[in-house]
Amino acid sequence: MTPGMSLPFSAAAEPADERPLFDAIITPPASLGERGFSTFMAVTLAVVCLVDLALMAAGLWWAILFLTGNLVFLLAAFIAIRRVRERSERVVVESGQLRLERHWKGGPGCADTLPLFGLRLVRVRDGAGHCRRLELHSRSQRLCFAADLTPKEREAFAEALGRSLHRAGFAIAMPVQPY
């Protein structure tokens, strides 16, 4: 399993009728942990301060303003990207329904519930044949999910969801559509 895809299944200690058929959490990959991110920011700040001191000693005050402005925008961009990565999607199948929960920054997010009857899981492919996105279609609703997974992870996720539903006796259509 890759870092961007975690599929924690419910514990087997629950009674069989209360346990979900499928329970998976999708989180975006993060290349740096909290400590690595803090270290990167501190090193970047230190390098810019040293260059600012050298430019000030040379009398190039206008370059200091430019470099410091770049640092502020760079730090703001990295912090914004870090905040966007604090999200997750949870796919739960139980009681004849599929529930897609989206959480932002660990807090409550939004949840969509679709009936399993008539549900289609569509794999949309690009020109090279890679799974570009996953969509759930039910009557007039269409939900896109699993955007944080790679194409191979999306394929594996769709297969795992389809297999678990098939074992439980639900026939879910899984067509493939070109993009």
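As the structure is a computational prediction, the values presented were derived from the model and not from experiment. What you see below is based on every heavy atom in this structure, not just the backbone, and it leaves out hydrogens, waters and symmetry mates.
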Would you please test Leu119 and His137 for side-chain contact (heavy atoms from CB on, under 4.5 Å) and show each step? CA-CA 6 Å; Leu119 183 68; His137 293 201; over 6 Å; no
Would you say [X] and [Y] make side-chain contact, with heavy atoms under 4.5 Å?
X      : Y      : result
Pro28  : Arg87  : yes
Pro151 : Arg125 : no
Thr113 : Leu98  : no
Leu114 : Gln141 : yes

How many angstroms lie between atom [atom1] of [X] and atom [atom2] of [Y], to the nearest 0.5 angstrom?
X      : Y      : atom1 : atom2 : answer
Arg120 : Glu135 : CZ    : CD    : 9.0 Å
Phe78  : Phe37  : CZ    : CZ    : 7.5 Å
Ser138 : Leu121 : OG    : CG    : 12.5 Å
Leu74  : Met41  : CG    : CE    : 7.0 Å
Leu134 : Leu161 : CG    : CG    : 9.0 Å
Thr68  : Leu55  : OG1   : CG    : 9.0 Å

Exercise: identify the closest heavy-atom pair between Asp126 and His130 =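 Scanning both residues, the minimum pair turns out to be OD1-N, 2.8 Å.
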I need the minimum non-hydrogen distance between Arg102 and Leu100, along with the two atoms involved.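 Nearest pair, atom of Arg102 first, then Leu100: NH2-CD2, 3.3 Å.
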Verify same cluster id: [X], [Y] (apolar side-chain graph, 4.5 Å):
X      : Y      : result
Val48  : Trp61  : yes
Leu67  : Trp62  : yes
Val93  : Phe145 : yes
Ile64  : Phe66  : no
Val122 : Phe117 : no

Salt-bridged, Arg154 to Glu159, with N to O below 4.0 Å?
->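 No, this pair does not count.
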For the pair Asp112 and Arg99, find out whether any cationic side-chain nitrogen is under 4.0 Å from an anionic carboxylate oxygen.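 So Asp112 does not pair with Arg99 through a salt bridge.
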Determine whether the aromatic ring centres of residues Phe157 and Phe22 are separated by less than 6.0 angstrom.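 They qualify: ring centres under 6.0 Å apart.
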*Pick out which of Asp148, Thr27, Ile26 makes a side chain to side chain contact (heavy atoms under 4.5 Å, CB included) with Ser88.*
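Between Ser88 and the candidates, side chain to side chain contact (heavy atoms under 4.5 Å, CB included) is satisfied uniquely by Thr27.
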So, the side chain of Glu89 versus the backbone of Ala146: is there a donor-acceptor pair under 3.5 Å, distance only?
->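 Indeed, once roles are kept as given, a pair shorter than 3.5 Å links the two residues.
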